[in-house]
Structure formats: structure tokens, C-alpha cells
Amino acid sequence: MLLAKEKARPRSGKRHRARGAVDALDARLPLAEAGRALLRKAFPDHWSFLLGELALYSFLVLVLTGVYLTLFFEPSMSDVVYEGSHSPLHGLRMSEAYASTLRISFDVRGGLLVRQIHHWGALVFVASIGAHLLRVFLTGAFRRPRELNWAVGVTMFLLALLEGFAGYSLPDDLLSGTGLRTAQGIMLSVPVVGTYLSLFVFGGEFPGDDIVSRLYPVHILLVPGLLLALVGLHLLLIVHLKHTQWAGPGRTGRNAVGKPFHPQYTAKSGGLFFLVFGVLTLLAALAQINPVWDYGPYRPDHVSTGSQPDWYVGFLEGALRLMPGVETRLWGHTLIWNPLVPGVILPGALFLVLYAYPFFERWITPGSGEHHLCDRPRDRPVRTGLGVAALTAYGVLLLAGGQDVLAFVLDVPVHALTWAFRVALFVLPVVAFLVASRLCLAAQARDRDLLEEGEETGEVRQSVEGGYHPGHQDLPAAKRYVLRARDLPRPLEPRATRRDPARTRLTDRLRVSLSRWYYRDAVRPPATGEQRRETAEVLAGPDRPGERTG
């Protein structure tokens, strides 16, 4: 008994000293308070919110595998004679970058597996960011007060594209070298400064001796550091602004309902991380990707046949192939519209529209309140139509990027296929917009019928007059709540000027016209005055909604 007491004294002393150290640290850095707040943080449990976590965890996989690959990769373009394990390339001159990539693939234990995990992870990373942005766009989660977080997400998407292209170009194989040659052509098309830009990036005439050594720190330090900083800012804004949520009983614009961060959400999120790592490892083991040994080392006088980049820059390849070769001579300078338009203007306009869209929608929307409930895509037919049209245009450009391969497989002339894609690029997005917006209105009409008549029971009743009528039953209260909690703004009304009430400014007329085009088509559900007031209370929210875990 006495011995047990003697053993307990040192333990209690250590516990007391540890508690004192934690208290001293917490007095300077309020870790305990912040930790308790984080553990109580409510996270949504809808599957669509996991797309952002899919991007986060694939990025972690990229960091882990990238650290391993940096131990063996040589970012140098100095010539060496290959004498490694891959006998078909024995005695061939190549850069140290390509030779080290072959060494990782054939001589480093587990090198090929890690390399393929890294490449598959890059594809999943970009795809999950794109899917997450699409979810945010279609549900209106970019609206006030989350415009900054939308801009952060778009910037991360842009950096992910840059990171992927830089990593894709590092092995210095024939396929990646062809991509660098395309990039150099795009640089040269920039008016006035294009030549200087190319010389600066490549360290001289193409291919130069410095491009790999310059892309290497960009790929492993600069862009990953920026992505880590933006991820931290993104998570900080989510914690501060709270997450958006789907409408439902107990979920309004004044609260944030979800599972607490610990232990429920940490268990689910941790399981997702291991699932992502496992699926990427399985893909790397079973599905070959980027076999650089089949392409051979890059030589400026060689071009690989049927070469296409990874899917996330495939739309640029398609745009380059569809743009006619047109040149204009102005003031002693030659403007080469291909690749200037598809390689510089098109991506610049794309990201400019992405950055500006939240402010455009806010400009044409009446009211300036905050929005914390997600829109169902059917409730915003124009926004949904624009998203579907953009995806359609992207799909056309992606297919056009492999028009030579498609022409060979389908046995059709390349020229005819090119013109077919050119026509489709201007016609199909318009058709997709009209079809998607009409389908959204049809879905709205279906919701209205459900509120008025209820759900069909599957029974058919015959009236005394001999007619047949389907049976209906009232919707459950939870479903009626979701169908009524819809934000359907009215178009803006013209605002008259003080001097002449009959006239308005040009910008006001444009704003009203766009607002009418955006919001005029809507199928409004049947509701009494009291129900409309209840819906307005559900949608309205304070500056910072509270949280509730459940």
C-alpha cells in the first residue's frame, strides 16, 4: 500500500507540471478555447460537401508521394548516356531528368508505384477541385458573404492546373517536351513581349538548358506553398462564416446544423482519407499511366504521334486545333491569332468570368442580404443552364483535342471532323443551355404539382361518372418544408432618375434587362401570405449564423 502511494506521487507531480505548462501556453495562445470551439464545430453530413475534402486528401497524397520522389529525381538537362535497367534505351543520350525518371521507375524500390500514385493523385486533385467548384456554383454557395472564399477556390484551381503542367513537364520525355513546345508557341504569340518571355522562361532558345531546373522549384516549393496557404485561408473562412446547408426542418439561414467535428466527423473524414489513398494506390498498381519509357527522351526535331495532354488542359489543346491560322500585321508587329486567342485570351477570359460571376449575380439580384441555404439547381434555371453550357463547351474542346485520333478510329477526314467540332462549339452550348433551363422549369412545375396535389399512391379510382383518377396523398411535412423553402427573387424594377422620371441610365437599363432575363422564368409554389412570411424567415439570416450539432 505504501509502495503504491510512493509510485502515485511522481505521476501526480508530472500531471501537475504538464497541466501547468498547458495553462501557461494557453495564457499566451488561447489554444484550449480555440480547440474547444473547433471540436464543437458543426460539419454538414451531405455527400456533396465531401468533394472539397476529396481535393484536400488527394493533395495530402501528392505531398507525401512528392517528398519521396524528390529524393531520387535530378532536375537537370545535362546529357548523359543511359546504362540503367531498361535495356531498350541502353546507350541512348538523354537528359539527367529523364534518366532519373527511368531510374525511379525501374531501379528504386517502389518507385514506379509511388510515381503512378503521384500522377493519379494529380488527376483526382484537379478533378475534385473542379467538381467542388461546380457544386458551389450550382447551389449558389458563392453568394454573400462567401465571395472571397469563391475567389480562393478559383485561385486554387488555377494553381492546380499550373502545378499539374509543371509536374507533367519535369520528366523531359518526348510527350512532355511536345507540351513544352506548345507552351513556348503560346508565349511567342503574346504581342511585343512574347520573344522576351520565352527567352526568360527557357533560358535561351528553345529548348534551352534551364527549363527543368526552373520548373522544379516551382513544382515542389512555390506552387505547393501557395496552395497550402490558400487551403489554410479557405478552412479559416469556412470556420468563421459557417458552412452552407440544404434546407430542411430545423435548418434555416440563422443556424448551421451538422455533426460535431469530434468524434463523428473526424471518424468519417479520416476514413475518407484512407479510402482516397487506397483507391489511388489500387489505380497505380492496376492502371498504367504516363509510361515515359515508351515515349523516349525529348528531341526538338521529334514529335510524338497522337500526343494529347492530361484532361485538365485538354480544352486548350482542342481550342488550338480548332482556331484557324490567321495572322495580322500591325505597326511592324505580327499578331498570330492562333495560338494567341485559344492559348492566352480564352483561359484569361475563363478565369476572369469565374472571378467576376458572384459579383455579377449580386448586381442583378434584388436585395443584398446574406445567403446561408443552398439553392437547388432547378430553382435557378439560368445559372444551371450556364453551368451545363460551359461543361458542354469544355466537352467539345476536349474531344477536339484528339481529333486526329478520332479521325483515325472513325475513319473520317480530319478536315471534316475539325469543321464539325467548330460548328458544335457554337451550337451545342446554346442547345444545352435551353434544354437545361427548360428541364429546371419542368422540375419546378413538378414540385408545384406535388404541393398542390400530393404524391401519387399508385391507386386508380373510378368516379360515379365513369372517369378514372389517380390517388394522391399529402406530402410528408419534411418534404413540404424543403419544397417551400425556395428563394425565388423577382426581377429588378427600373429606377427613374430625379431629373426625368421617364428616363434611366444606360447601366440601370442593362441591369434591369439582365435581371429580367435571369429571373423572369420561375414556377412559384402555391402559398398563403402566412406561408410566404414563414419562408422569408427561413431564408433570412443574420450576419453570422449560429451552430447546432445533432
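- Using a cutoff of 4.0 Å between basic side-chain nitrogens and carboxylate oxygens, E361 and R383 are scored as salt-bridged.
- Within the 4.5 Å cutoff, side-chain heavy atoms of L335 are placed close to those of W337.
- Of all heavy-atom pairs between I186 and G343, the closest is CG2-O, 3.7 Å.
- For F59 against F125, the heavy-atom pair with the smallest separation is CB-CE1, 3.6 Å.
- Residue T384 comes nearest to L138 through the heavy atom pair CA-CD2, 4.0 Å, listed as atom of the first residue, atom of the second, then distance.
- At distances below 3.5 Å, not a single donor-acceptor pair connects side-chain atoms of S198 with backbone N or O atoms of G194.
- Residues L215 and L180 meet the side-chain proximity criterion, which asks for heavy atoms closer than 4.5 Å.
- The distance from atom CZ of R115 to atom CG of L69, rounded to the nearest 0.5 Å, is 8.5 Å.
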*Go through the steps to decide whether Y357 and W150 satisfy the test ring-ring contact (aromatic ring centres under 6.0 Å, His included), and finish with yes or no.*
CA-CA 10 Å; Y357 185 83; W150 168 262; 7.6 Å; no

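- Other residues, nucleotides and ligands contribute over 12 non-hydrogen atoms within 6.0 Å of the CG atom of D301.
- Looking at D173, its side chain does come within 3.5 Å of a backbone N or O of L175 through a donor-acceptor pair.
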*Taking it one step at a time, do F277 and L64 satisfy side-chain contact (heavy atoms from CB on, under 4.5 Å)?*
CA-CA 11 Å; F277 211 145; L64 294 175; 4.0 Å; yes

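- At a threshold of 4.5 Å between non-hydrogen side-chain atoms, the residues P309 and E317 count as touching.
- Formation of a donor-acceptor pair under 3.5 Å by the H90 side chain with backbone atoms of G84 is found in this model.
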*Would you sort out whether Q288 and Q116 count as a side-chain contact (heavy atoms from CB on, under 4.5 Å), showing the intermediate values?*
CA-CA 7 Å; Q288 179 176 269; Q116 298 209 143; 3.8 Å; yes

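- D172 and S95 share a side-chain donor-acceptor pair at under 3.5 Å.
- Between Y57 and F273, the ring planes lie perpendicular to each other; the angle is over 60°, past the 30° to 60° tilted range.
- No side-chain heavy atom of S176 sits less than 4.5 Å from a side-chain heavy atom of L170.
- By the 6.0 Å contact criterion, CZ on F200 is open, its count of non-hydrogen atoms from other residues, nucleotides or ligands being 12 or less.
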*Apply the test salt bridge (Lys or Arg N to Asp or Glu O under 4.0 Å) to residues D210 and R214: give CA-CA distance (whole Å), side-chain angles for both, the deciding distance (0.1 Å), then the verdict.*
CA-CA 6 Å; D210 300 328; R214 291 182 178 183; 3.7 Å; yes

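- More than 12 heavy atoms of other shown residues, nucleotides or ligands fall within 6.0 angstrom of atom CH2 in W293.
- What you find for V152 and L230 is that their closest heavy atoms are CG1-O, 3.7 Å.
- Annotation: the span from L89 atom CG to E83 atom CD amounts to 12.5 Å, rounded to 0.5 Å.
- Side-chain contact of T418 with R321: a donor-acceptor pair under 3.5 Å is absent, judged by distance alone.
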_The test is side-chain contact (heavy atoms from CB on, under 4.5 Å); show your working for Y98 and L102 and say whether it passes._
CA-CA 6 Å; Y98 184 66; L102 295 177; 3.7 Å; yes

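- In terms of modelled atom types and a separation under 3.5 Å, the side chain of R181 and the main chain of F206 share no donor-acceptor contact.
- Under the 4.5 Å side-chain criterion, counting only non-hydrogen atoms from C-beta, H46 is in contact with W246.
- The backbone N or O of G167 lies less than 3.5 Å from a partner atom in the side chain of H219, making a donor-acceptor pair.
- Scanning both residues, L320 and P342, for their nearest heavy atoms gives CD2-CG, 3.6 Å.
- The NE2 atom of H132 sits 7.5 Å away from atom CG of L51, with the distance rounded to the nearest 0.5 Å.
- H371 NE2 to T365 OG1: the interatomic distance, rounded to the nearest 0.5 Å, is 7.0 Å.
- Ring pair F72/Y68: centre-to-centre distance below 6.0 Å.
- Put simply, the side chain of Y82 gets close to the backbone of S85: a donor and an acceptor are under 3.5 Å apart.
- The CG atom of L346 sits 6.0 Å away from atom CZ of F315, with the distance rounded to the nearest 0.5 Å.
- By the 6.0 Å contact criterion, CZ on F106 is enclosed, its count of non-hydrogen atoms from other residues, nucleotides or ligands being greater than 12.
- L92 has its side chain within reach of P297: a pair of non-hydrogen atoms, C-beta onward, lies under 4.5 Å apart.
- A donor-acceptor contact shorter than 3.5 Å is absent between the side chain of T244 and the backbone of C374.
- Between F351 and Y355, the ring planes are tilted. Angles from 30° to 60° get that label.
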_Residues R146, E370; criterion salt bridge (Lys or Arg N to Asp or Glu O under 4.0 Å); working and verdict_ = CA-CA 9 Å; R146 297 175 178 84; E370 296 187 355; over 6 Å; no

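- Smallest separation of non-hydrogen atoms from S76 and V212: N-CG1, 4.2 Å.
- Judged by distance alone, the side chain of R422 and the main-chain N or O of L322 form a donor-acceptor pair under 3.5 Å.
- No donor-acceptor distance shorter than 3.5 angstrom exists from the side chain of H86 to the backbone of P88, with no hydrogens or angles considered.
- For the pair L233/N149, no side-chain contact is recorded, criterion being any heavy-atom separation below 4.5 Å from C-beta on.
- T70 places a side-chain N or O within donor-acceptor distance of the main-chain N or O of V67, the cut-off being under 3.5 Å.
- Separation of the Y216 and F73 ring centroids falls under the 6.0 Å cut-off.
- Sparse packing is recorded around CH2 of W419, with 12 or fewer heavy atoms of other residues, nucleotides or ligands lying under 6.0 Å away.
- Residues L158 and L162 are not in side-chain contact: their nearest non-hydrogen atoms beyond the backbone lie 4.5 Å or more apart.
- Atom CZ of F408 sits about 12.0 Å away from atom CG of L406, to the nearest 0.5 Å.
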_Full working for side-chain contact (heavy atoms from CB on, under 4.5 Å) between Y295 and N290_ = CA-CA 9 Å; Y295 307 143; N290 197 25; 3.5 Å; yes

